[in-house]
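Let me begin by presenting the structure, written as structure tokens, before commenting on it.
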Amino acid sequence: MINTMDYQLKLASLISVVTKIPKEKLYFLIKEPTKGIEADWSINCFTLRSFIKKDGNEIAVEIEEKIRNIVHNHPFIFKVVRVGPYLNFILNEIYVFNELFTQVNKNFSSFVRSGFPQDNLITVVIEFPSQNTNKPLHLGHIRNIVLGQTLVSFHEFAGNSVHQVNLLNDRGVHICKSMLAYKRWGRNTTPNKSKLKPDHFVGKYYVTYSRHEAKLKQSVQKEIQELEEERKKSKTERDLAKIKKLKSVIQNSKYGKLQQKLTDMLVKWENGDPEVRKLWSKMNSWAISGFEQTYKIFDLNHEKVYFESNIYDKGREIVLDGLEKDYFVQLDDGAVIARFIKKGLPKEKVLLRSDGTTLYITQDIFLAMQKMKDYNYDMSIYVIGNEQDMQLRTLFEILSILGFSGKNIHYSYGMIYLKSGKMKSREGIIVDADNVVEDIRELSVQEVKNRYSNLSEKELNYRAQTIAMAALRFFILKYEYTRDFIFDLEESISFEGETGVYLLYVYARICSVFNKGIQDNIQVPYNPHKNAQIKWHYPSKIPAFSPYERNLILQLSKYPNVLFDSYKALKPHLLCRYLLELAQFFNIFYHECPILKEEKEIRELRLSICEIVRIILKHGLNLIHIDILTEM
RNA sequence: GGAUCCGUUGCCCAGCCAGGAUAAGGCACCGGACUUCUAAUCCGGUGAUCGCAGGUUCGAAUCCUGCCGGAUCCGCCA
């Protein structure tokens with residue numbers, strides 16, 4: 001499909017015709033000029049010197065002449081202006097508006113996809129947020145979920161077949177910690193009885209355990225440190241008697257005994273001890289039912305959930321098979337390892353312990369194979385924070401050694417820090433996901449109340465909830481995803497400036513114009529109350545555009561390209577930045593250009609522009625899972 | 001110690017892949033705009049040796065090298 005509104009590409013083709021330089025090469029040389037330059041697109045002919053061995057100014061003069069002869073065949077160009085080595089192109093906004101109006105109204109769906117190739121559709125598995133079941137979701141998970149959902153939308157929009165899955169890490173030492181604490185201090189109470197959200201209830205015991213452990217650890221802190229130092233020494237220098245003594249002191253301390261209890265419980269779990277298993281499934285079901293409440297707020301549904309408890313000891317056969325094929329190496333003690341020489345990877349990675357048991361990475365290998373069996377995917381995206389960069393690189397390298405065919409992508413997003421530093425769930429220093437949502441919601445309840453005191457409780461809550469989620473999602477998505485950021489509820493979540501609320505406001509403003517029009521018996525393109533488009537027509541006459549209208553129209557015409565760039569690079573912030581800019585242009589337009597009180601021709605034109613902004617804004621927000629409001 | 005990522009105004013952040021004109025926004029601050037289609041908005045102003053030093057280039061925030069500063073990771077844990 002050809003995107004007729006990709007003027008960058010059209011200009012590249014045009015210049016290609018007169019210079020014989022391939023248009024693919026020219027495409028990226030055509031840029032949007034710095035603000036303040038009167039041009040929509042421009043090319044600096046110095047950049048063409050590798051193709052044409054002349055001075056940049058001369059090249060510009062030559063191209064300009066040649067283009068002048070054929071520019072009348074390209075009505076989308078209004079004017080070409082040469083400034084030194086620069087060729088500046090000014091587009092014909094009436095032509096652009098014409099195309100925009102036609103495409104948006106006649107076939108919106110093919111318009112928004114016009115940057116996307118329609119062949120080559122693929123099957124994609126996207127895994128997130130893959131949390132542990134020992135504590136509630138926190139702010140990091142929110143970023144994970146919000147990013148993951150956006151990737152799902154992007155791929156679905158591209159026409160790919162998308163499978164959204166999760167891996168629940170529901171077994172292991174961390175779960176045993178919550179269990180142990182519950183056994184000791186829980187007194188058989190339940191989330192219901194203690195009036196806690198069930199995952200918070202479970203998390204409470206995890207924190208209790210960790211604090212208790214830290215306290216006990218203190219009494220043998222010195223010994224632990226000494227032991228570590230001794231172990232760091234080379235084998236010949238180690239004082240074996242000292243190590244033995246230190247070990248014994250640690251083991252016999254309260255801390256050591258606690259550690260032993262933990263290990264015992266883990267072994268019991270693995271052996272299927274009924275009592276341990278019963279407690280385990282009880283606590284897990286609490287955690288999961290808590291997660292589900294949070295998922296509901298984020299409208300998160302997985303097609304499939306993999307449970308670590310089902311697969312933790314799988315993958316052994318795959319590794320042994322690899323060993324047989326000499327992909328891996330077996331050590332003297334029986335452990336199977338993979339060796340790497342690539343930069344950025346560890347020298348080796350253990351895949352099977354010397355006793356033959358599996359490790360986390362073994363299960364990861366298995367899961368990759370399982371996903372392939374389940375979905376026969378072309379691409380598998382792991383939405384996981386950048387602290388696991390090395391683990392994922394290692395996993396992908398092993399898969400590649402095994403001749404694994406699927407394309408794996410670690411969608412490695414940045415950490416979220418608090419003013420006080422990194423979140424530490426063990427110490428309970430976290431920003432809890434449910435609390436964040438609740439705090440923002442309360443904030444928006446206040447804001448809505450300040451403006452409208454007479455709303456029904458239901459309407460108030462609906463608006464506040466929509467605004468809160470828009471603010472939260474947009475706040476996360478507007479940052480480039482690899483970037484770390486510092487979260488401070490007070491300062492970070494604002495309803496002014498570059499926010500999701502700013503975008504919602506534009507949408508509500510447009511609806512408000514339409515409502516007023518309907519009220520005054522003026523024909524408008526959309527009825528917000530009925531959520532219905534009204535039969536609309538091309539403006540009967542196009543007078544000259546003001547700069548405010550012109551900016552908006554050109555911005556609107558770029559939408560398909562932004563969508564594709566955003567999808568291609570999996571960078572939601574590109575779409576977010578675009579929508580902000582669109583909203584900015586709209587607010588300026590709204591401020592400068594009266595709509596309903598204008599004469600018919602101008603009114604129809606401006607209403608048409610409003611409607612296109614509304615449609616595109618809604619579409620963009622929908623892709624990043626932000627619901628719109630027709631009144632706010 | 002090694003690996004990976006990051007460093008742009010008082011603060012937040014885009015631009016870096018594909019080097020070019022006056023480095024784009026937002027917050028905060030100062031000054032303006034609501035008898036008008038929603039002021040959760042708009043207009044104006046103040047504010048940047050793009051971490052430092054070299055190199056490549058006619059030209060570097062962008063590419064290369066070194067250094068400084070910060071984060072993360074480097075388990076037969078999960």
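Any value given below was found using the heavy atoms of this structure, including those in side chains, with hydrogens, waters and symmetry copies removed. What you see is a predicted model; the values in this text were computed from it and never measured. Convention: sequence-line order gives letters A, B, ...; per-chain numbering from 1.
- Counting any heavy atom pair closer than 4.0 Å across all strands shown, Gly36(A) reaches a base atom.
- Within 4.0 Å (heavy atoms only), Val448(A) reaches at least one base atom of the nucleic acid.
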Output one line per pair: protein atom, nucleotide atom from nucleotides 45-50 of chain B, and distance, for all N/O pairs under 3.5 Å.
none

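- Summarising the base pairing, A21(B) is matched to no nucleotide, lacking a Watson-Crick or G-U wobble pair whose two defining distances lie under 3.5 Å.
- Using a 4.0 Å heavy-atom distance criterion, Glu308(A) is classed as a sugar-phosphate-only contact.
- Whole-Å rounding puts the Phe586(A) CZ to A40(B) P distance at 14 Å.
- Met415(A) places its CE atom 18 Å from the P atom of U4(B), with the value rounded to the nearest Å.
- Residue Cys576(A) is classed as having no contact, given no heavy-atom separation below 4.0 Å to the nucleic acid.
- In this structure, Tyr417(A) and Phe487(A) have side chains that are not in contact, with every pair of non-hydrogen atoms separated by 4.5 Å or more.
- When heavy atoms are screened at a 4.0 angstrom cut-off, Asn44(A) is found touching base atoms of the nucleic acid.
- Straight-line distance between the C1' atoms of G15(B) and A61(B): roughly 8 Å, to the nearest whole Å.
- No contact: Leu504(A) has no heavy atom under 4.0 Å from any strand.
- Among the heavy atoms of the strands, none lies under 4.0 Å from Thr499(A).
- Nucleotide G59(B) forms a pair with no other nucleotide shown, judged by Watson-Crick or G-U wobble geometry with both contacts under 3.5 Å.
- Under the ring pair (Phe, Tyr, Trp, His ring centres under 6.0 Å) rule, Tyr382(A) has a single partner from Phe128(A), Phe396(A), Tyr413(A), which is Phe396(A).
- Counting heavy atoms from C-beta on, the side chains of Phe51(A) and Leu26(A) never come closer than 4.5 Å.
- In this entry the distance linking OH of Tyr479(A) with P of U8(B) reads 14 Å, nearest Å.
- Going from atom CG of Leu579(A) over to atom P of G26(B) covers 16 Å, rounded to whole Å.
- Side-chain nitrogen and oxygen atoms of Arg509(A) include none within less than 4.0 Å of the OP1 or OP2 phosphate oxygen of C37(B).
- The side chain of Arg353(A) contributes an N or O atom lying less than 4.0 Å from OP1 or OP2 of A78(B).
- Taking a 6.0 Å sphere around NZ of Lys571(A), one finds it holds more than 12 heavy atoms contributed by other residues, nucleotides or ligands.
- Pairing partner, U4(B): A71(B), with both Watson-Crick or wobble hydrogen-bond distances short of 3.5 Å.
- Heavy atoms of Tyr452(A) sit under 4.0 angstrom from at least one base atom.
- Atom CD of Gln446(A) is surrounded by more than 12 heavy atoms from other residues, nucleotides or ligands within 6.0 Å.
- Contact annotation for Asp520(A): no contact, since no heavy-atom pair falls under 4.0 Å across all strands.
- The gap from the P atom of C63(B) to that of A18(B) amounts to 9 Å, rounded to the nearest Å.
- One can place NZ of Lys35(A) at 19 Å from P of A14(B), the figure rounded to the nearest angstrom.
- When heavy atoms are screened at a 4.0 angstrom cut-off, Ile37(A) is found touching base atoms of the nucleic acid.
- Nucleotides G51(B) and A71(B), compared at atom C1', are 15 Å apart to the nearest Å.
- Side-chain contact between Met390(A) and Thr394(A): present, with at least one pair of heavy atoms (C-beta onward) separated by less than 4.5 Å.
- Look at CZ on Phe485(A): it is 21 Å from P on C5(B), rounded to the nearest Å.
- Nucleotides G47(B) and C29(B), compared at atom C1', are 10 Å apart to the nearest Å.
- Atom CD of Glu38(A) has 12 or fewer neighbouring heavy atoms from other residues, nucleotides or ligands inside a 6.0 Å radius.
- Comparing G59(B) with G19(B), their P atoms sit 16 Å apart, to the nearest whole Å.
- Counting any heavy atom pair closer than 4.0 Å across all strands shown, Gln363(A) reaches no nucleic acid atom.
- The shortest distance between the side-chain N/O atoms of Gln584(A) and the OP1/OP2 oxygens of G26(B) is below 4.0 Å.
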